[in-house]
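The structure appears right after this line, and notes come after that.
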Amino acid sequence: MDYNELGEKLSELLKLENEPVAIKWSVSEPKNVEKEEGKSRFCSKLVKAMDGEIFYSTLEEEQCMGGARYSGLKDMREYPANVQSGAFMVPNGLYKDIAAVQRSRENETYINPGIFSAVVFAPLNKVEFEPDVIFIACNAKQGMEILHANAYDSGKHGLGTDAVPVCSSMAVTPYMTGKVTYGFGDAAARKNMDIKQEDIMVSIPKSEMSRIVSNLTEMRTKMFFKEE
């Protein structure tokens with residue numbers, strides 16, 4: 001499957017301003033991709049890839065505790081007690097108390113630690129590997145059309161993840177569930193990402209990518225989706 005071609009077609013059909021990002025988990029450090037220089041947060045890595053960078057990241061390059069934990073690069077039990085409880089989030093205004101943090105975490109998705117050593121990022125139009133997930137920052141209309149394309153031949157509904165951390169909601173959730181996923185990102189991530197305030201986020205598992213692009217192409221011939 002030519003993901004470069006699929007990415008170009010998707011961008012053309014939806015008139016995307018941001019380049020879709022290919023994400024892949026790797027059990028070992030890849031030999032044909034450069035390692036990220038320095039540390040950054042998982043959400044910032046997405047922006048780097050949107051801007052054209054191709055790289056892989058290990059625990060050593062992950063600046064965010066959440067990014068390391070959700071993506072499976074570090075065991076939650078290795079963090080200090082205030083991180084395990086979520087107490088550090090309360091003064092920042094993300095949650096009212098620890099109980100709310102714990103309830104939220106019950107519905108958040110993460111990869112079990114010890115499986116993967118690295119996460120690879122690339123703009124979809126330059127990708128040379130088979131991605132696990134394609135992440136897209138887009139406007140509401142573009143997101144709506146992706147969700148319609150997902151349902152077009154299957155009747156499937158996308159999975160909404162509201163304001164859960166981006167590393168969990170827009171990367172790990174579609175990877176673990178195999179479902180097209182949409183959300184808004186969390187407040188901390190949006191402060192670190194150079195996206196418009198009105199942008200939403202949609203992620204497509206690799207298994208759904210070709211079907212969605214094909215459906216979008218056919219939908220452009222139908223009344224509700226013809227270009228004006």
Side-chain angles (χ1 to χ4, degrees), residues 18-26 29-30 33-80 82-95 101 104-105 107-113 115-124 127 131-138 161-176 181-197 199-203:
N18 298 311
E19 178 62 30
V21 173
I23 309 168
K24 182 177 181 63
W25 278 264
S26 179
E29 295 187 34
V33 180
E34 293 293 323
K35 193 174 188 179
E36 182 182 18
E37 294 185 10
K39 289 178 177 286
S40 69
R41 299 173 184 274
F42 192 101
C43 48
S44 298
K45 298 179 199 296
L46 294 172
V47 175
K48 284 185 176 184
M50 274 192 272
D51 290 340
E53 293 189 39
I54 302 170
F55 60 93
Y56 75 89
S57 173
T58 67
L59 176 59
E60 185 180 342
E61 291 74 48
E62 181 53 66
Q63 189 176 11
C64 176
M65 292 178 290
R69 185 258 175 155
Y70 288 117
S71 60
L73 298 179
K74 188 168 182 175
D75 194 319
M76 175 64 108
R77 292 171 294 185
E78 297 178 34
Y79 286 116
N82 73 319
V83 175
Q84 292 190 46
S85 68
F88 75 99
M89 296 187 194
V90 176
N92 293 328
L94 292 173
Y95 293 94
V101 179
S104 175
R105 284 180 173 171
N107 296 296
E108 294 171 359
T109 312
Y110 63 92
I111 293 176
N112 288 329
I115 301 172
F116 299 113
S117 299
V119 187
V120 193
F121 300 83
L124 191 57
V127 72
D132 291 317
V133 170
I134 294 92
F135 166 85
I136 304 161
C138 59
T161 56
D162 56 69
V164 173
V166 165
C167 44
S168 173
S169 61
M170 304 314 304
V172 178
T173 295
Y175 174 73
M176 294 294 287
T181 306
Y182 62 95
F184 305 98
D186 59 295
R190 292 191 76 102
K191 286 187 68 120
N192 292 303
M193 299 178 75
D194 185 21
I195 59 175
K196 295 178 180 177
Q197 289 187 2
D199 281 347
I200 65 166
M201 302 174 187
V202 182
S203 290

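Predicted, not measured: the structure shown is a model, and the values here were computed from it.
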For the residue pair [X] and [Y], what are the closest heavy atoms and their distance?
| X | Y | result |
| --- | --- | --- |
| Q84 | R77 | NE2-O, 3.4 Å |
| E62 | A68 | CG-N, 3.4 Å |
| A118 | E29 | CB-CA, 4.4 Å |
| S71 | W25 | O-NE1, 3.1 Å |
| C43 | N192 | SG-CB, 3.9 Å |
| S169 | P174 | O-CD, 3.3 Å |

Judged by atom type as modelled, is there a donor-acceptor pair below 3.5 Å linking the side chain of [X] to the main-chain atoms of [Y]?
| X | Y | answer |
| --- | --- | --- |
| S26 | V119 | no |
| K45 | S40 | yes |
| D186 | A189 | yes |

Interatomic distance, [X] atom [atom1] to [Y] atom [atom2] [nearest 0.5 angstrom]:
| X | Y | atom1 | atom2 | result |
| --- | --- | --- | --- | --- |
| D75 | L59 | CG | CG | 11.5 Å |
| T181 | M170 | OG1 | CE | 6.0 Å |
| M89 | N82 | CE | CG | 10.0 Å |
| Q63 | M65 | CD | CE | 10.5 Å |
| Y175 | F116 | OH | CZ | 3.5 Å |
| K48 | R41 | NZ | CZ | 12.5 Å |

Heavy atoms, side chains only, cut-off 4.5 Å: are [X] and [Y] in contact?
| X | Y | answer |
| --- | --- | --- |
| L46 | I23 | yes |
| N18 | I136 | no |
| C138 | I200 | yes |
| M201 | R190 | yes |
| I195 | M50 | yes |
| E19 | L124 | yes |
| C167 | V172 | no |
| V33 | I54 | yes |

What do you reckon, is CZ of F184 surrounded by more than 12 foreign heavy atoms closer than 6.0 Å? no
May I have all residue pairs that pass ring-ring contact (aromatic ring centres under 6.0 Å, His included) and include part of residues 41-78, sequence neighbours excluded? F42-F121, F55-F121
Y110 six-ring face occupied by R69 cation (under 6.0 Å, within 45°): yes
Is it true that E60 and K35 have a side-chain N and a carboxylate O under 4.0 angstrom from each other? yes
